[in-house]
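Only one structure is covered here, and it is reproduced in the block below.
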2 protein chains.
Amino acid sequence: MKKIKVHIADDHKILIDGIIAVLSSEENIEVVGYSLTGKDVLNWFASNEADILILDINMPKVDGIGVLQNFLEQGFQQKVIVLSSYDETKLIKEVLKIGANGFLAKKCAGENIVEAINAVYNGKQYFSKSIQEKLLSTFTKQLTKSDLPSQDGSFFSSLTPREIEVLRLIAKQYNSKEISKLLHISVNTVETHRKNLISKLNVKNVVGLAIYAVKNNIV
Amino acid sequence: MKKIKVHIADDHKILIDGIIAVLSSEENIEVVGYSLTGKDVLNWFASNEADILILDINMPKVDGIGVLQNFLEQGFQQKVIVLSSYDETKLIKEVLKIGANGFLAKKCAGENIVEAINAVYNGKQYFSKSIQEKLLSTFTKQLTKSDLPSQDGSFFSSLTPREIEVLRLIAKQYNSKEISKLLHISVNTVETHRKNLISKLNVKNVVGLAIYAVKNNIV
DNA sequence: TTATTTTTAACGGTTTTCAGTGATGTAAAA
DNA sequence: TTTTACATCACTGAAAACCGTTAAAAATAA
């Protein structure tokens, strides 16, 4: 019997070990590798084989969405199940738009991951219960309140390296003047980056930026 | 042979299931229960028995430190191993001051949890490697730079309910004026709370508050 | 080599934050 | 009963954030 080969990417080794332990009792699933950073994922798949990638979207250093984007853009054909601590509508939508095959909130039960792997391997999509609920409620809201008109059309497009750099410094509680000195650029430039970040990420203020940064481990 | 009874508290069910799976191969350890919220922990221990509590410090709604504090204040004699996504010096110090027996960063390997349980059960303290490194570097810094004089003496004392309320709204990107309307209090009061939060949590500005809020799931 | 994206920069004006200081009522704890 | 902690409110001034708009280099991609 052919086993489904799975690769797990998450910055929490303890969670990886946990998932491996959960999957070890499954006859038809085999964990063939794991990565602790987004970068490692791409490297691993460049020289190894797996059927499914389980990807934690909240990984350090890089914009989590970016990893997923790169992975799919580089032509990898493997199915992707996204794991996330946060079940935010925006995030779910974006992930689906980019092309993930499944979405699991971390608060879901371990057995769901088995279901997800089997479903996705067989060409289906899989969403954990809380995600399904989110999507449904979004859908119903859409009927009434035209959920998040998204102002400019394309929010959430991934950030430029410089923007991520500025964002990281913002999240370290530096103000614009301090950031300008650290990066040797004008305060105006920093403020421009800041404004662009706020509009790109569709948040209201620095607080929104800080929260995005933490949730995406850009710290 | 008497088994070590363990209770796990974490808001990520998938992690709990993972840890259970990891521990299932251990002859002398038995997971006798789990909680998904801080509140449940206290309730569970009021009517059940366990030797060790594995507590995720980043749990929803309540100030994670608060749960630990309540647990120990209510006279529970069980050993506590704290799990955390973030290995911040401040947090580690506070947790140890309150009286936890072990501290594991989530990025550590699954086997560490077994070591931690055994060590703590036998009256020892246990810290995962990254935590040990943090503590060491803090210690060496102390010799040179008098690490965090903490200004007023007692930073990080846990927050009042009202402060947590304000903090939650700040983390939702409301500004002071909006919060004052939501809570039907004066802007000045909100600003006072905000200032107290900043000094209590020893952060620099709203960004620090937002980050604290996310890391403690006060969202 | 164009075309596009990214990074850089500026200006003027409004709003908000933040630090400092001080004050009052209330409720619980010592 | 007297602290102590909590929530409430006020005023000031400087600093920072925020908004809108514009636009030129520089780097990259088509």
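This structure is a prediction, so every number in the text was calculated from the model and none was measured. We name chains A, B, ... by the order of the sequence lines, and we start the count at 1 in each one.
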Notebook entry, point to check: CD of Gln132(B): more than 12 outside heavy atoms within 6.0 angstrom?
Noted result: yes
Notebook entry, point to check: Is it the case that more than 12 heavy atoms not belonging to Lys107(A) sit under 6.0 Å from its NZ atom?
Noted result: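 Open: at most 12 neighbouring heavy atoms sit under 6.0 Å from NZ of Lys107(A).
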If you only use heavy atoms from C-beta on, which nucleotide in [options] is closest to the side chain of [X]?
| X | options | answer |
| --- | --- | --- |
| Thr192(A) | dT8(D), dA17(D), dA9(C) | dA9(C) |
| Pro161(B) | dA7(D), dC9(D), dC18(C) | dA7(D) |
| Lys200(B) | dC18(C), dC6(D), dC11(C) | dC6(D) |
| Arg162(B) | dC19(D), dA7(D), dT8(C) | dA7(D) |

Return the value, rounded to whole Å, for the distance between atom [atom1] of [X] and atom [atom2] of [N].
| X | N | atom1 | atom2 | value |
| --- | --- | --- | --- | --- |
| Lys195(A) | dT6(C) | NZ | P | 18 Å |
| Glu191(B) | dA10(D) | CD | C1' | 11 Å |
| Asn196(B) | dT17(C) | CG | C1' | 15 Å |
| Glu178(B) | dA17(D) | CD | C1' | 14 Å |
| Lys204(B) | dT17(C) | NZ | C1' | 13 Å |
| Lys181(B) | dT8(D) | NZ | C1' | 19 Å |
| Glu163(B) | dA7(D) | CD | P | 6 Å |
| Leu183(B) | dT8(D) | CG | P | 8 Å |

Check: Between Ile131(B), Leu55(B), Leu68(B), which is the residue that forms a side-chain contact (heavy atoms from CB on, under 4.5 Å) with Val95(B)?
Finding: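 Only one option passes, and that is Leu68(B).
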Check: Mapping Asn205(B) and Ser186(B) onto DNA chain D by nearest heavy atom, which one lands closer to the 5' end?
Finding: Ser186(B)
At under 4.0 Å between heavy atoms, what does [X] touch on the DNA or RNA strands: base, sugar-phosphate, or nothing?
| X | answer |
| --- | --- |
| Lys177(A) | sugar-phosphate |
| Asn175(B) | sugar-phosphate |
| Val187(B) | nothing |
| Thr189(A) | base |
| Ser176(B) | sugar-phosphate |

Whether [Y] and [X] form a salt bridge (side-chain N of Lys/Arg under 4.0 Å from carboxylate O of Asp/Glu) is what I want to check.
| X | Y | answer |
| --- | --- | --- |
| Lys204(B) | Glu178(A) | yes |
| Arg168(A) | Glu165(A) | no |
| Lys106(B) | Asp10(B) | yes |

Below 4.0 Å: OP1/OP2 of [N] and any side-chain N or O of [X]:
| X | N | result |
| --- | --- | --- |
| Thr160(A) | dT5(C) | no |
| His193(B) | dA7(D) | no |
| Asn188(A) | dA9(C) | no |

